Asks: 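I am attaching a structure below and will ask some questions about it afterwards.
These figures come from a predicted structure and were not determined experimentally. Sequence lines set the chain letters: A, B, ... in the order given, protein chains first and strands last, and positions in each chain run from 1.
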Amino acid sequence: MDSKDLMKKTEPQKILSVSALARVEGEGGLFIKMDKGKVTSCELKIFEAPRFFESLLIGRNFHEPPDITSRICGICPVAYLISSIAAIEDACQVQIPEYIWNLRRLLYCGEWIESHSLHVFFLHAPGFLGYPSLMEMAKDFPKEAAWALQMKKAGNTLIQKIGGREIHPVNVRIGGFYSSPKKLDLRSLLDILKRGLDYSLLALQWIGLKFNFPDFKRNYTYVGLKHPKQYPIERGIISCGESQFNAKEFEKNFIEEQTTYSNALRWKATDSRSCLAGPLARYHLNYSLLPAFLQEKLKEIGLEYPCHNPFQSMLVRLAEITYAFYEAIRLIEDYEPFSPSFIPFDPNPQTGYGISEAPRGLLYHKYELDDKGCIRKAKIVPPTCFNLASAEDDLKKWIETHSEDSIERMTLDCEQIVRNYDPCISCATHFLKLHIW
Amino acid sequence: MVMKKLAVWKFTSCDGCQLSLLDLEDELLEIDKNFVISYFLEASSRSPDPPFDISLVEGSITTEEAKRKIIEIRNHSSILITIGACATAGGIQALRNFASLQTAKERVYPQPELINVLPTSLPISQYVQVDYELQGCPINKQQLLSVLYSFLFGFRPSLNSGSVCMECKMRGTPCVMVSSKTLCLGPVTHAGCGAICPSFGRGCYGCYGPKETPNSPSLSRWAKEKLSIESTVLKQAFHTFNCIADGFKRFDEED
């Protein structure tokens, strides 16, 4: 009996269950109920065991959140370092000089390159081409896999040179850095960064022209940072729908939801609309700040602006890799070592807010300090908290418009729809198995 | 040479240690030629196909389901290697072992009753026999490579079991405790990172966990006397990524 027969048997109400694979991690699944072709409920479950970071931080010294919270994510630790530092510096009302912000931006460029390369080539591309992994894809696409590995390595090398190591860098502290890198050490990276930029353009050409992206659009509410002068990475002002506000007003503009079916909290706009964070949102809000050569390239490969197709987030991610290489080269060419390497300051019994653009989107930190410099309260909102709700809305629309597809087809597509968001449970990338009851 | 069948598993953790394998950009495709990567959810959609010659395990055990799963993995694996501070020592999330779980749930979740976890975060070795432990938050990817190839060729891995302090001396970095009176856990911390922090003028913060036979009480006493470090600061310095590891847990007690 094929799967469609199974679906018809339960008419008019159909229940689709995408349960977790027999495995240990990122326990996620999808449960969908349909009635007369309409999705009546769609639940994207995340069972990843909670680690209670916001509780562990209470009572810790105000110097500690960067190193502790970077352990939330081994793929984007720099984002956690920078958002937490910005929040503590905000509480203590310290002005950080531009040269320190520039080095933070440079470090962050390394993370965008490394994390985006991992997602585009290791997680997303094999799904479009029908391979289980990049390693297997590499056998048929050796040249393209080599670009991917070289780009990823360049991003990691940049983080390692500034931060000491790729995963959980050690050279970042509140007020600045433990030590400012030598000019020659950074300039020695220019070669691999310039080559990386070339590879990213080749990859844009390859993926833009050769991959088939499903024709799918949704009317998104984009949430992301905006900045008057540069494509936002390490700082900016929050933009959501029609409104713009700073990090301090974050919790007034969004609502937090806990569902009965998931360990991950969800954040939505105050009218309960889901919001999309990440590359597609940044592209939408800041397209005009991309360099002209990149805008030209994107036109050439057929990536439109505006782009509301979540599958094409892959191209936007690649464009952001190109941008991060371009920006890293510029920042290194302008770089001068500085001393002292950080601005010393005393704690202040205030609440501080920090926000930056993690590779997957907006990352918000809030800390309340006491007069001894200990954390009294902490709040952290990672981008996946926005994107889970948005992914559910994508899945609903997809399933309603593709209800005649085979279960095999629908499983693959549902997996790619979740993967479009690069959800920060990295294994959420290969975790769906579709059953119909 | 017979290819070894490799599986990579994750429990409660940040993904960083298994990412180390993918961060071996120059070696990855070569590894794929020498090992059958049978199960690696972060990188491949292949379903598990037991038994396995080598299982790499990341993360700590924090749920009932995980307790069942790790026993199953052990039963299907010839060699089980834990990678990183979470799997080897409970990780940063083991800080919650010192406090009330109910309080932790209430601080983070609007509906704490929906969260179902064990009262502790514990290392893999609390539940099953472990053949080799690779310390570090995160692990050193070159050490991971060395361990994998040791097992491929049938050797026991031979990694430096000394301290970060010794790595620092070999590197020729001036001592941060002597030169800038900065607290450094290097003398009691397991080698492996290559003494990165002192090379940036920062004291070691112990992310590789205790070395063999660490004398933490002596370092604590010294830090109090010579560097005027307060007890609360010392306690927090030891209570991070390896907070329940013997040697760091009782950092200020005389034996």
Asks: Could you tell me which portion of B:Asn116 (side chain, backbone, both or neither) has an atom closer than 4.5 angstrom to a non-hydrogen atom of chain A?
Replies: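 Contact with chain A is absent: no heavy atom of B:Asn116 under 4.5 Å.
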Asks: Please state whether the side chain, the backbone, both or neither of A:Ala49 comes within less than 4.5 Å of a heavy atom of chain B.
Replies: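 Interface part for A:Ala49: both.
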Asks: Please classify the contact between B:Leu22 and chain A as side chain, backbone, both or neither, with a heavy-atom cut-off of under 4.5 Å.
Replies: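 Both the backbone and the side chain of B:Leu22 come within 4.5 Å of chain A.
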Asks: With a 4.5 Å cut-off on heavy-atom pairs, point out which of A:Met135, A:Glu166, A:Arg60 contacts chain B the most.
Replies: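 The option with the most such pairs is A:Arg60.
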Asks: Could you check B:Ile70, B:Ile73, B:Thr82, B:Asn75 and say which one makes a side-chain contact (heavy atoms from CB on, under 4.5 Å) with B:Val128?
Replies: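 It is B:Ile70, the one option of B:Ile70, B:Ile73, B:Thr82, B:Asn75 that forms the side-chain contact (heavy atoms from CB on, under 4.5 Å) with B:Val128.
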Asks: Please rank A:Arg165, A:Arg71, A:Glu114, A:Glu64 by heavy-atom pairs under 4.5 Å with chain B and give me the top one.
Replies: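 Answer, by heavy-atom pair count under 4.5 Å with chain B: A:Arg71.
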Asks: Are more than 12 heavy atoms, taken from residues, nucleotides or ligands other than B:Arg171, located less than 6.0 Å from that residue's CZ atom?
Replies: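 Buried by this count: over 12 neighbours within 6.0 Å.
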Asks: Report which part of B:Ser60 has an atom under 4.5 Å of a heavy atom belonging to chain A: side chain, backbone, both, or neither.
Replies: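 Interface part for B:Ser60: neither.
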Asks: Hey, what's the ring geometry for A:His124 with A:His119, parallel, tilted or perpendicular (30° and 60° as the breaks)?
Replies: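 Because their plane-to-plane angle lies in the 30° to 60° range, the rings of A:His124 and A:His119 count as tilted.
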Asks: In terms of heavy-atom proximity below 4.5 Å to chain A, should B:Ile37 be classed as side chain, backbone, both, or neither?
Replies: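 Just the side chain, heavy atoms under 4.5 Å.
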Asks: So which part of A:Lys377 gets closer than 4.5 Å to some heavy atom of chain B, the side chain, the backbone, both or neither?
Replies: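 For A:Lys377, neither part sits under 4.5 Å from chain B.
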Asks: For A:Asn61, is it the side chain, the backbone, both, or neither that has a heavy atom closer than 4.5 Å to a heavy atom of chain B?
Replies: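 Both parts, backbone and side chain.
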Asks: Counting only heavy atoms closer than 4.5 Å, note whether B:Phe241 contacts chain A via side chain, backbone, both or neither.
Replies: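 Contact with chain A: side chain only.
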Asks: Of the backbone (N, CA, C, O) and the side chain (C-beta and beyond), which part of B:Ala66 lies under 4.5 Å from a heavy atom of chain A, both, or neither?
Replies: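 It is neither, since no heavy atom gets under 4.5 Å.
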Asks: Do NZ/NE/NH1/NH2 and the carboxylate oxygens of A:Lys152 and B:Asp23 come within less than 4.0 Å?
Replies: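 So A:Lys152 pairs with B:Asp23 through a salt bridge.
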Asks: Check whether B:Cys207 gets within reach of chain A through its side chain, its backbone, both or neither, counting any heavy atom under 4.5 Å.
Replies: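 Side chain of B:Cys207 only, per the 4.5 Å heavy-atom cut-off to chain A.
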Asks: Between B:Lys141 and chain A, which part of the residue has a heavy atom less than 4.5 Å away: side chain, backbone, both or neither?
Replies: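 The side chain, not the backbone.
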Asks: Is chain B contacted by the side chain of A:Leu57, its backbone, both, or neither, given a heavy-atom distance below 4.5 Å?
Replies: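 For A:Leu57, no heavy atom lies under 4.5 Å from chain B.
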Asks: Report the option among A:Ile58, A:Ile167, A:Leu56 that has the most heavy-atom pairs separated by less than 4.5 Å from atoms of chain B.
Replies: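 Most heavy-atom pairs under 4.5 Å with chain B: A:Ile167.
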Asks: Return yes if some donor-acceptor pair links the side-chain N/O of B:Glu58 with the main-chain N/O of B:Gly84 below 3.5 Å, else return no.
Replies: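 A pair under 3.5 Å: no.
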Asks: Quick check on B:Val108 against chain A: is it the side chain, the backbone, both or neither that has a heavy atom closer than 4.5 Å?
Replies: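 It is both, since atoms from each part get that close.
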Asks: Side chain, backbone, both or neither: which part of B:Leu101 has an atom under 4.5 Å from a heavy atom of chain A?
Replies: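 The side chain, not the backbone.
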Asks: How would you list, by chain and number, every residue that makes a salt bridge (Lys or Arg N to Asp or Glu O under 4.0 Å) with A:Lys366, sequence neighbours excluded?
Replies: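 Counting only residues at least two positions away or on another chain, A:Lys366 forms a salt bridge (Lys or Arg N to Asp or Glu O under 4.0 Å) with A:Glu251.
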Asks: Quick one: which of A:Lys379, A:Glu54, A:His168 has the most heavy-atom pairs under 4.5 Å with chain B, could you say?
Replies: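 Top option by heavy-atom pairs under 4.5 Å: A:His168.
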Asks: Please classify the contact between A:Ile72 and chain B as side chain, backbone, both or neither, with a heavy-atom cut-off of under 4.5 Å.
Replies: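 Contact with chain B involves the backbone of A:Ile72 alone.
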Asks: Salt bridge between A:Arg360 and A:Asp422, side-chain N to carboxylate O under 4.0 Å?
Replies: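 Answer for the salt bridge query: yes.
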Asks: Sort B:Asp32 into side chain, backbone, both or neither according to what part of it lies under 4.5 angstrom from a heavy atom of chain A.
Replies: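 The side chain, not the backbone.
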